[in-house]
Number of protein chains: 2
Amino acid sequence: MADLKAGVNQLFLREEELRTGMELLFYAYREFTAEPDEILAAIDFGRAHHRVIYFVGRYPKITVSELLAILKITKQSLSRVLGELVRQGFIDQQTGARDRRQRLLELTEKGVELERQLSETQRQRIARAYKMAGAEAVEGFRKVMMGMLDDEDRAKFTPPAPTRPVTKR
Amino acid sequence: MADLKAGVNQLFLREEELRTGMELLFYAYREFTAEPDEILAAIDFGRAHHRVIYFVGRYPKITVSELLAILKITKQSLSRVLGELVRQGFIDQQTGARDRRQRLLELTEKGVELERQLSETQRQRIARAYKMAGAEAVEGFRKVMMGMLDDEDRAKFTPPAPTRPVTKR
DNA sequence: AAACCGCGTCAACATGGCTGACCTAAAAGC
DNA sequence: GCTTTTAGGTCAGCCATGTTGACGCGGTTT
(Lines give C-alpha, C1' and ligand atoms only; values in the text may rest on other atoms or scores of the structure.)
Protein backbone atom coordinates (compact mmCIF):
# COMPACT_ATOMS: atom_id res chain seq x y z
CA MET A 1 0.00 0.00 0.00
CA ALA A 2 2.79 2.35 0.89
CA ASP A 3 4.52 1.12 -2.23
CA LEU A 4 1.54 1.84 -4.39
CA LYS A 5 1.19 5.33 -3.03
CA ALA A 6 4.84 6.03 -3.61
CA GLY A 7 4.43 4.76 -7.16
CA VAL A 8 1.54 7.04 -7.86
CA ASN A 9 3.39 9.93 -6.38
CA GLN A 10 6.39 9.14 -8.52
CA LEU A 11 4.18 9.18 -11.56
CA PHE A 12 2.72 12.49 -10.61
CA LEU A 13 6.11 14.03 -10.06
CA ARG A 14 7.33 12.71 -13.35
CA GLU A 15 4.28 14.07 -15.15
CA GLU A 16 4.79 17.49 -13.57
CA GLU A 17 8.44 17.39 -14.45
CA LEU A 18 7.80 16.56 -18.06
CA ARG A 19 5.15 19.23 -18.42
CA THR A 20 7.53 21.75 -16.97
CA GLY A 21 10.05 20.82 -19.61
CA MET A 22 7.52 21.19 -22.38
CA GLU A 23 6.40 24.56 -21.17
CA LEU A 24 9.90 25.86 -20.62
CA LEU A 25 10.60 25.07 -24.22
CA PHE A 26 7.45 26.81 -25.38
CA TYR A 27 7.99 29.99 -23.41
CA ALA A 28 11.74 30.15 -23.97
CA TYR A 29 11.37 29.81 -27.70
CA ARG A 30 8.78 32.49 -27.82
CA GLU A 31 10.80 34.96 -25.79
CA PHE A 32 13.82 34.07 -27.78
CA THR A 33 12.30 35.04 -31.09
CA ALA A 34 10.28 38.02 -29.91
CA GLU A 35 12.97 40.68 -29.96
CA PRO A 36 14.51 39.92 -33.35
CA ASP A 37 10.99 39.71 -34.74
CA GLU A 38 10.46 43.35 -33.87
CA ILE A 39 13.61 44.48 -35.57
CA LEU A 40 12.75 42.38 -38.59
CA ALA A 41 9.25 43.75 -38.85
CA ALA A 42 10.65 47.27 -39.05
CA ILE A 43 12.53 46.42 -42.24
CA ASP A 44 9.74 44.27 -43.65
CA PHE A 45 11.44 40.98 -43.01
CA GLY A 46 10.26 38.00 -41.03
CA ARG A 47 11.64 35.21 -38.96
CA ALA A 48 12.43 33.23 -42.05
CA HIS A 49 14.87 35.91 -43.16
CA HIS A 50 16.55 35.77 -39.81
CA ARG A 51 17.13 32.06 -40.04
CA VAL A 52 18.68 32.39 -43.45
CA ILE A 53 20.88 35.28 -42.38
CA TYR A 54 21.91 33.39 -39.30
CA PHE A 55 22.98 30.20 -41.00
CA VAL A 56 24.65 31.91 -43.91
CA GLY A 57 26.61 33.88 -41.35
CA ARG A 58 27.37 30.74 -39.46
CA TYR A 59 28.57 28.80 -42.48
CA PRO A 60 30.02 31.18 -45.07
CA LYS A 61 30.02 29.75 -48.61
CA ILE A 62 27.22 27.40 -47.73
CA THR A 63 25.36 26.06 -50.75
CA VAL A 64 21.63 26.32 -51.26
CA SER A 65 21.07 22.63 -50.72
CA GLU A 66 23.09 22.57 -47.55
CA LEU A 67 21.01 25.44 -46.29
CA LEU A 68 17.86 23.57 -47.24
CA ALA A 69 19.06 20.55 -45.30
CA ILE A 70 19.53 22.66 -42.20
CA LEU A 71 16.27 24.55 -42.42
CA LYS A 72 14.22 21.61 -43.64
CA ILE A 73 11.92 23.69 -45.76
CA THR A 74 11.21 23.47 -49.47
CA LYS A 75 13.37 25.30 -51.93
CA GLN A 76 10.37 27.34 -53.01
CA SER A 77 9.96 28.65 -49.49
CA LEU A 78 13.63 29.34 -49.16
CA SER A 79 13.89 30.98 -52.52
CA ARG A 80 11.36 33.61 -51.59
CA VAL A 81 13.30 34.92 -48.65
CA LEU A 82 16.74 34.21 -50.03
CA GLY A 83 15.84 36.06 -53.20
CA GLU A 84 14.86 39.14 -51.25
CA LEU A 85 18.02 39.00 -49.19
CA VAL A 86 20.16 38.75 -52.29
CA ARG A 87 18.31 41.47 -54.18
CA GLN A 88 18.53 43.81 -51.24
CA GLY A 89 22.22 43.22 -50.85
CA PHE A 90 22.39 41.30 -47.59
CA ILE A 91 23.71 38.14 -49.19
CA ASP A 92 26.11 37.52 -52.05
CA GLN A 93 26.03 34.50 -54.27
CA GLN A 94 29.10 33.32 -56.07
CA THR A 95 29.29 30.45 -58.48
CA GLY A 96 31.11 27.45 -57.10
CA ALA A 97 34.57 26.92 -58.51
CA ARG A 98 34.64 23.15 -58.30
CA ASP A 99 30.99 22.77 -59.18
CA ARG A 100 29.69 25.65 -61.20
CA ARG A 101 26.06 24.71 -60.54
CA GLN A 102 26.40 25.69 -56.94
CA ARG A 103 25.71 29.15 -55.60
CA LEU A 104 27.89 29.73 -52.60
CA LEU A 105 26.19 32.06 -50.17
CA GLU A 106 27.87 34.66 -48.05
CA LEU A 107 26.82 37.66 -46.02
CA THR A 108 27.75 41.06 -47.40
CA GLU A 109 28.92 43.69 -44.96
CA LYS A 110 25.38 44.90 -44.78
CA GLY A 111 24.33 41.34 -44.05
CA VAL A 112 26.91 40.92 -41.32
CA GLU A 113 25.68 44.08 -39.71
CA LEU A 114 22.08 42.94 -39.75
CA GLU A 115 23.03 39.52 -38.42
CA ARG A 116 24.94 41.10 -35.58
CA GLN A 117 22.06 43.34 -34.75
CA LEU A 118 19.47 40.57 -34.85
CA SER A 119 21.41 38.08 -32.83
CA GLU A 120 22.63 40.56 -30.30
CA THR A 121 19.55 40.42 -28.11
CA GLN A 122 19.50 36.65 -28.36
CA ARG A 123 23.15 36.38 -27.43
CA GLN A 124 22.53 38.62 -24.47
CA ARG A 125 19.58 36.57 -23.39
CA ILE A 126 21.56 33.36 -23.51
CA ALA A 127 24.60 34.92 -21.92
CA ARG A 128 22.45 36.17 -19.10
CA ALA A 129 20.85 32.78 -18.60
CA TYR A 130 24.22 31.03 -18.67
CA LYS A 131 25.68 33.45 -16.21
CA MET A 132 22.77 33.21 -13.82
CA ALA A 133 22.75 29.45 -13.94
CA GLY A 134 26.47 28.78 -13.73
CA ALA A 135 28.86 26.62 -15.70
CA GLU A 136 27.65 23.34 -14.32
CA ALA A 137 24.05 24.11 -15.13
CA VAL A 138 25.07 25.07 -18.66
CA GLU A 139 26.63 21.66 -19.08
CA GLY A 140 23.38 20.09 -17.93
CA PHE A 141 21.36 22.30 -20.25
CA ARG A 142 23.44 21.18 -23.19
CA LYS A 143 23.14 17.54 -22.26
CA VAL A 144 19.39 17.69 -22.01
CA MET A 145 18.95 19.68 -25.19
CA MET A 146 21.17 17.28 -27.07
CA GLY A 147 19.05 14.44 -25.79
CA MET A 148 15.99 16.01 -27.36
CA LEU A 149 17.46 16.02 -30.82
CA ASP A 150 17.36 13.33 -33.43
CA ASP A 151 20.67 11.73 -34.29
CA GLU A 152 20.96 13.78 -37.43
CA ASP A 153 20.77 17.10 -35.64
CA ARG A 154 22.84 15.88 -32.75
CA ALA A 155 25.65 15.09 -35.14
CA LYS A 156 25.95 18.78 -35.97
CA PHE A 157 27.25 19.43 -32.48
CA THR A 158 29.52 16.51 -31.89
CA PRO A 159 32.29 16.94 -34.49
CA PRO A 160 35.52 18.76 -33.55
CA ALA A 161 34.79 22.01 -35.35
CA PRO A 162 31.42 23.52 -36.20
CA THR A 163 30.58 21.67 -39.34
CA ARG A 164 27.70 21.77 -41.65
CA PRO A 165 26.24 18.56 -43.01
CA VAL A 166 28.93 17.67 -45.47
CA THR A 167 28.05 16.70 -48.96
CA LYS A 168 30.66 16.64 -51.68
CA ARG A 169 31.82 20.16 -52.37
CA MET B 1 50.43 39.72 -25.14
CA ALA B 2 49.67 36.35 -23.63
CA ASP B 3 46.83 38.08 -21.85
CA LEU B 4 45.47 39.50 -25.03
CA LYS B 5 45.55 36.16 -26.75
CA ALA B 6 43.79 34.50 -23.86
CA GLY B 7 41.19 37.21 -23.97
CA VAL B 8 40.54 36.74 -27.64
CA ASN B 9 40.32 33.03 -27.12
CA GLN B 10 37.86 33.55 -24.31
CA LEU B 11 35.76 35.65 -26.59
CA PHE B 12 35.81 33.05 -29.27
CA LEU B 13 34.81 30.31 -26.87
CA ARG B 14 32.03 32.43 -25.52
CA GLU B 15 30.78 33.19 -29.02
CA GLU B 16 30.83 29.50 -29.90
CA GLU B 17 29.06 28.67 -26.68
CA LEU B 18 26.32 31.17 -27.26
CA ARG B 19 25.79 30.08 -30.84
CA THR B 20 25.53 26.50 -29.68
CA GLY B 21 22.81 27.54 -27.28
CA MET B 22 20.90 29.35 -29.99
CA GLU B 23 21.08 26.44 -32.35
CA LEU B 24 20.16 23.87 -29.74
CA LEU B 25 17.03 25.85 -29.12
CA PHE B 26 16.23 26.06 -32.81
CA TYR B 27 16.72 22.37 -33.54
CA ALA B 28 15.14 21.14 -30.33
CA TYR B 29 12.03 23.20 -30.85
CA ARG B 30 11.68 21.95 -34.38
CA GLU B 31 12.05 18.31 -33.43
CA PHE B 32 9.77 18.83 -30.55
CA THR B 33 6.89 20.03 -32.67
CA ALA B 34 7.43 17.77 -35.66
CA GLU B 35 5.70 14.64 -34.41
CA PRO B 36 2.53 16.22 -33.05
CA ASP B 37 2.33 18.26 -36.24
CA GLU B 38 1.96 15.07 -38.23
CA ILE B 39 -0.84 13.76 -36.08
CA LEU B 40 -2.55 17.12 -36.23
CA ALA B 41 -2.30 17.36 -39.99
CA ALA B 42 -4.12 14.05 -40.30
CA ILE B 43 -7.18 15.48 -38.57
CA ASP B 44 -6.90 18.88 -40.25
CA PHE B 45 -5.62 20.70 -37.23
CA GLY B 46 -2.44 22.67 -36.75
CA ARG B 47 0.00 23.59 -34.08
CA ALA B 48 -2.28 26.31 -32.83
CA HIS B 49 -4.91 23.72 -31.97
CA HIS B 50 -2.33 21.76 -30.07
CA ARG B 51 -1.37 24.71 -27.94
CA VAL B 52 -4.97 25.40 -27.04
CA ILE B 53 -5.66 21.77 -26.23
CA TYR B 54 -2.51 21.61 -24.19
CA PHE B 55 -3.19 24.61 -22.00
CA VAL B 56 -6.87 23.89 -21.54
CA GLY B 57 -5.83 20.43 -20.39
CA ARG B 58 -3.23 21.93 -18.14
CA TYR B 59 -5.57 24.45 -16.54
CA PRO B 60 -9.14 23.11 -16.54
CA LYS B 61 -11.77 25.85 -16.29
CA ILE B 62 -9.37 28.40 -17.67
CA THR B 63 -11.06 31.50 -19.06
CA VAL B 64 -10.56 32.82 -22.55
CA SER B 65 -8.62 35.83 -21.38
CA GLU B 66 -6.32 33.77 -19.23
CA LEU B 67 -5.64 31.57 -22.21
CA LEU B 68 -4.95 34.64 -24.31
CA ALA B 69 -2.48 35.86 -21.71
CA ILE B 70 -0.60 32.58 -21.91
CA LEU B 71 -0.56 32.26 -25.66
CA LYS B 72 -0.03 35.93 -26.36
CA ILE B 73 -2.03 35.97 -29.55
CA THR B 74 -5.04 38.07 -30.45
CA LYS B 75 -8.48 36.89 -29.54
CA GLN B 76 -9.36 36.75 -33.21
CA SER B 77 -6.59 34.24 -33.81
CA LEU B 78 -7.56 32.22 -30.80
CA SER B 79 -11.22 32.28 -31.63
CA ARG B 80 -10.65 30.59 -34.95
CA VAL B 81 -9.03 27.51 -33.49
CA LEU B 82 -10.96 27.50 -30.25
CA GLY B 83 -14.20 27.69 -32.18
CA GLU B 84 -13.27 24.65 -34.22
CA LEU B 85 -12.27 22.72 -31.14
CA VAL B 86 -15.54 23.53 -29.43
CA ARG B 87 -17.67 22.80 -32.47
CA GLN B 88 -15.95 19.48 -32.98
CA GLY B 89 -16.40 18.48 -29.39
CA PHE B 90 -12.87 18.57 -28.06
CA ILE B 91 -13.54 21.42 -25.66
CA ASP B 92 -16.53 22.33 -23.54
CA GLN B 93 -17.41 25.85 -22.53
CA GLN B 94 -19.44 26.57 -19.45
CA THR B 95 -20.62 29.93 -18.30
CA GLY B 96 -18.82 31.15 -15.22
CA ALA B 97 -20.86 31.00 -12.04
CA ARG B 98 -19.34 34.00 -10.31
CA ASP B 99 -19.00 36.00 -13.49
CA ARG B 100 -21.44 34.94 -16.13
CA ARG B 101 -19.52 36.71 -18.87
CA GLN B 102 -16.74 34.18 -18.63
CA ARG B 103 -16.57 30.99 -20.62
CA LEU B 104 -14.73 28.39 -18.62
CA LEU B 105 -12.93 25.98 -20.90
CA GLU B 106 -12.42 22.30 -20.31
CA LEU B 107 -11.41 19.32 -22.36
CA THR B 108 -14.10 16.79 -23.12
CA GLU B 109 -13.20 13.11 -22.99
CA LYS B 110 -12.48 13.31 -26.68
CA GLY B 111 -10.25 16.29 -25.97
CA VAL B 112 -8.39 14.52 -23.21
CA GLU B 113 -7.75 11.62 -25.52
CA LEU B 114 -6.37 13.87 -28.24
CA GLU B 115 -4.23 15.75 -25.77
CA ARG B 116 -2.78 12.53 -24.48
CA GLN B 117 -2.04 11.33 -27.97
CA LEU B 118 -0.43 14.58 -29.05
CA SER B 119 1.72 15.07 -26.03
CA GLU B 120 2.75 11.46 -25.77
CA THR B 121 5.62 11.72 -28.23
CA GLN B 122 6.75 14.94 -26.65
CA ARG B 123 6.68 13.47 -23.19
CA GLN B 124 8.68 10.54 -24.43
CA ARG B 125 11.19 12.81 -26.06
CA ILE B 126 11.69 14.79 -22.89
CA ALA B 127 11.72 11.73 -20.70
CA ARG B 128 14.39 10.21 -22.88
CA ALA B 129 16.47 13.37 -22.78
CA TYR B 130 16.11 13.65 -19.01
CA LYS B 131 17.04 10.03 -18.54
CA MET B 132 20.06 10.22 -20.79
CA ALA B 133 21.29 13.39 -19.16
CA GLY B 134 20.70 12.52 -15.52
CA ALA B 135 19.06 14.31 -12.64
CA GLU B 136 21.78 16.85 -12.14
CA ALA B 137 21.77 17.86 -15.78
CA VAL B 138 18.00 18.25 -15.64
CA GLU B 139 18.42 20.69 -12.79
CA GLY B 140 20.89 22.64 -14.89
CA PHE B 141 18.59 22.56 -17.89
CA ARG B 142 15.79 24.03 -15.85
CA LYS B 143 17.99 26.73 -14.44
CA VAL B 144 19.21 27.83 -17.82
CA MET B 145 15.79 27.74 -19.41
CA MET B 146 14.34 29.77 -16.56
CA GLY B 147 17.09 32.29 -17.08
CA MET B 148 15.96 32.78 -20.65
CA LEU B 149 12.46 33.78 -19.69
CA ASP B 150 11.13 37.18 -18.86
CA ASP B 151 10.02 37.70 -15.29
CA GLU B 152 6.41 37.30 -16.23
CA ASP B 153 6.87 33.83 -17.68
CA ARG B 154 9.32 32.81 -15.00
CA ALA B 155 6.70 33.52 -12.38
CA LYS B 156 4.56 30.73 -13.82
CA PHE B 157 7.07 28.19 -12.61
CA THR B 158 8.04 29.50 -9.22
CA PRO B 159 4.80 29.31 -7.19
CA PRO B 160 4.07 26.21 -5.05
CA ALA B 161 1.51 24.62 -7.33
CA PRO B 162 1.18 24.99 -11.09
CA THR B 163 -0.73 28.21 -11.29
CA ARG B 164 -1.99 30.24 -14.11
CA PRO B 165 -1.68 34.00 -14.10
CA VAL B 166 -4.32 34.85 -11.57
CA THR B 167 -6.88 37.48 -12.36
CA LYS B 168 -10.07 37.78 -10.38
CA ARG B 169 -12.20 34.75 -11.01
C1' DA C 1 -27.64 55.04 -15.64
C1' DA C 2 -23.13 54.94 -17.40
C1' DA C 3 -18.94 52.91 -18.07
C1' DC C 4 -16.30 49.06 -18.44
C1' DC C 5 -15.33 44.29 -19.36
C1' DG C 6 -15.46 39.39 -21.35
C1' DC C 7 -16.22 37.45 -25.36
C1' DG C 8 -17.53 36.88 -30.15
C1' DT C 9 -17.51 38.19 -34.97
C1' DC C 10 -16.81 40.33 -39.69
C1' DA C 11 -13.42 41.80 -42.97
C1' DA C 12 -9.01 42.30 -44.92
C1' DC C 13 -4.20 41.49 -44.95
C1' DA C 14 0.81 39.38 -44.35
C1' DT C 15 3.97 35.68 -43.61
C1' DG C 16 5.76 31.50 -44.41
C1' DG C 17 4.90 27.01 -44.91
C1' DC C 18 3.21 23.53 -48.74
C1' DT C 19 2.41 20.87 -53.56
C1' DG C 20 3.08 20.40 -58.42
C1' DA C 21 4.88 21.48 -62.79
C1' DC C 22 8.49 22.89 -65.56
C1' DC C 23 13.17 25.00 -66.91
C1' DT C 24 18.37 25.60 -67.48
C1' DA C 25 22.93 24.50 -67.05
C1' DA C 26 26.46 21.74 -65.22
C1' DA C 27 28.27 17.31 -63.71
C1' DA C 28 28.52 12.40 -63.64
C1' DG C 29 27.89 7.90 -65.57
C1' DC C 30 28.35 4.75 -69.14
C1' DG D 1 29.51 11.56 -76.71
C1' DC D 2 25.07 10.82 -75.29
C1' DT D 3 22.12 10.25 -71.33
C1' DT D 4 20.93 10.85 -66.82
C1' DT D 5 21.30 13.10 -62.63
C1' DT D 6 21.96 17.07 -59.89
C1' DA D 7 21.91 22.16 -58.30
C1' DG D 8 19.23 25.68 -58.57
C1' DG D 9 15.43 28.73 -60.08
C1' DT D 10 10.55 29.93 -61.11
C1' DC D 11 5.43 30.21 -61.76
C1' DA D 12 1.05 29.38 -59.76
C1' DG D 13 -2.00 28.36 -56.22
C1' DC D 14 -3.29 26.67 -51.56
C1' DC D 15 -3.40 26.68 -46.40
C1' DA D 16 -2.48 27.84 -41.47
C1' DT D 17 -1.85 31.24 -38.39
C1' DG D 18 -0.65 35.45 -37.15
C1' DT D 19 -2.09 40.68 -37.55
C1' DT D 20 -5.38 45.36 -37.38
C1' DG D 21 -9.61 47.62 -36.98
C1' DA D 22 -14.41 48.00 -36.16
C1' DC D 23 -18.50 46.73 -33.98
C1' DG D 24 -22.09 44.25 -30.93
C1' DC D 25 -24.08 41.93 -26.91
C1' DG D 26 -24.78 41.02 -22.47
C1' DG D 27 -23.09 41.09 -17.80
C1' DT D 28 -20.55 43.62 -14.04
C1' DT D 29 -18.98 47.57 -11.66
C1' DT D 30 -19.24 52.18 -10.18
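Chain letters run A, B, ... following the sequence lines, proteins first, then strands; residues in each count from 1. Excluded from the calculations below are hydrogen atoms, water molecules and symmetry mates; all remaining heavy atoms, backbone and side chain alike, are included.
Whole-Å rounding puts the Asp99(A) CG to dT5(D) P distance at 17 Å. Rounding to whole angstrom units, CZ of residue Arg100(A) and C1' of dA28(C) are separated by 16 Å. Rounded to whole Å, the distance from CG on Leu68(B) to P on dC5(C) is 16 Å. Remark: C1' of dT17(D) and CG of Leu78(B) are 12 Å apart, rounded to the nearest angstrom. Regarding Leu40(B), its CG atom lies at a distance of 16 Å from the P atom of dC18(C), rounded to whole Å. Distance Lys72(A) NZ to dC18(C) P: 12 Å, rounded to the nearest Å. In this entry the distance linking CZ of Arg98(A) with P of dT6(D) reads 19 Å, nearest Å.
Using a 4.0 Å cut-off between charged side-chain N and carboxylate O, Arg58(A) and Glu115(A) make no salt bridge. A salt bridge links Lys72(A) to Glu152(A): one of the charged nitrogens lies within less than 4.0 Å of a carboxylate oxygen.
In this structure, CE on Met145(B) lies 11.5 Å from OG1 on Thr20(A), to the nearest 0.5 angstrom. With rounding to the nearest 0.5 angstrom, the OG1 atom of Thr158(A) is 10.0 Å from the CG atom of Leu149(A).
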Pairs under 3.5 angstrom, nitrogen or oxygen only, protein versus nucleotides 12-16 of chain C, please.
{"residue": "dG16(C)", "atom": "OP1", "partner": "Arg47(A)", "partner atom": "N", "Å": "2.7"}
{"residue": "dG16(C)", "atom": "OP1", "partner": "Ala48(A)", "partner atom": "N", "Å": "3.2"}

What does the list of N/O pairs under 3.5 Å between the protein and nucleotides 8-12 of chain D look like, with a distance for each?
{"residue": "dG8(D)", "atom": "OP1", "partner": "Val64(A)", "partner atom": "N", "Å": "3.3"}
{"residue": "dG8(D)", "atom": "OP1", "partner": "Arg103(A)", "partner atom": "N", "Å": "3.3"}
{"residue": "dG8(D)", "atom": "OP2", "partner": "Ser65(A)", "partner atom": "N", "Å": "2.7"}
{"residue": "dG8(D)", "atom": "OP2", "partner": "Ser65(A)", "partner atom": "OG", "Å": "2.5"}
{"residue": "dG8(D)", "atom": "N7", "partner": "Lys75(A)", "partner atom": "NZ", "Å": "3.1"}
{"residue": "dG8(D)", "atom": "O6", "partner": "Lys75(A)", "partner atom": "NZ", "Å": "3.4"}
{"residue": "dG9(D)", "atom": "OP1", "partner": "Gln93(A)", "partner atom": "NE2", "Å": "3.0"}
{"residue": "dG9(D)", "atom": "N7", "partner": "Lys75(A)", "partner atom": "NZ", "Å": "2.8"}
{"residue": "dG9(D)", "atom": "O6", "partner": "Lys75(A)", "partner atom": "NZ", "Å": "2.5"}

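The salt bridge (Lys or Arg N to Asp or Glu O under 4.0 Å) test applied to Arg116(B) returns Glu113(B), not counting sequence neighbours.
Between Gln122(A) and Pro36(A), the shortest heavy-atom contact is NE2-CG, 3.4 Å.
By the 6.0 Å contact criterion, CD on Gln94(B) is enclosed, its count of non-hydrogen atoms from other residues, nucleotides or ligands being greater than 12.
For Asp99(A) (side chain) and Arg101(A) (main-chain N/O), a donor-acceptor pair under 3.5 Å exists by modelled atom type.
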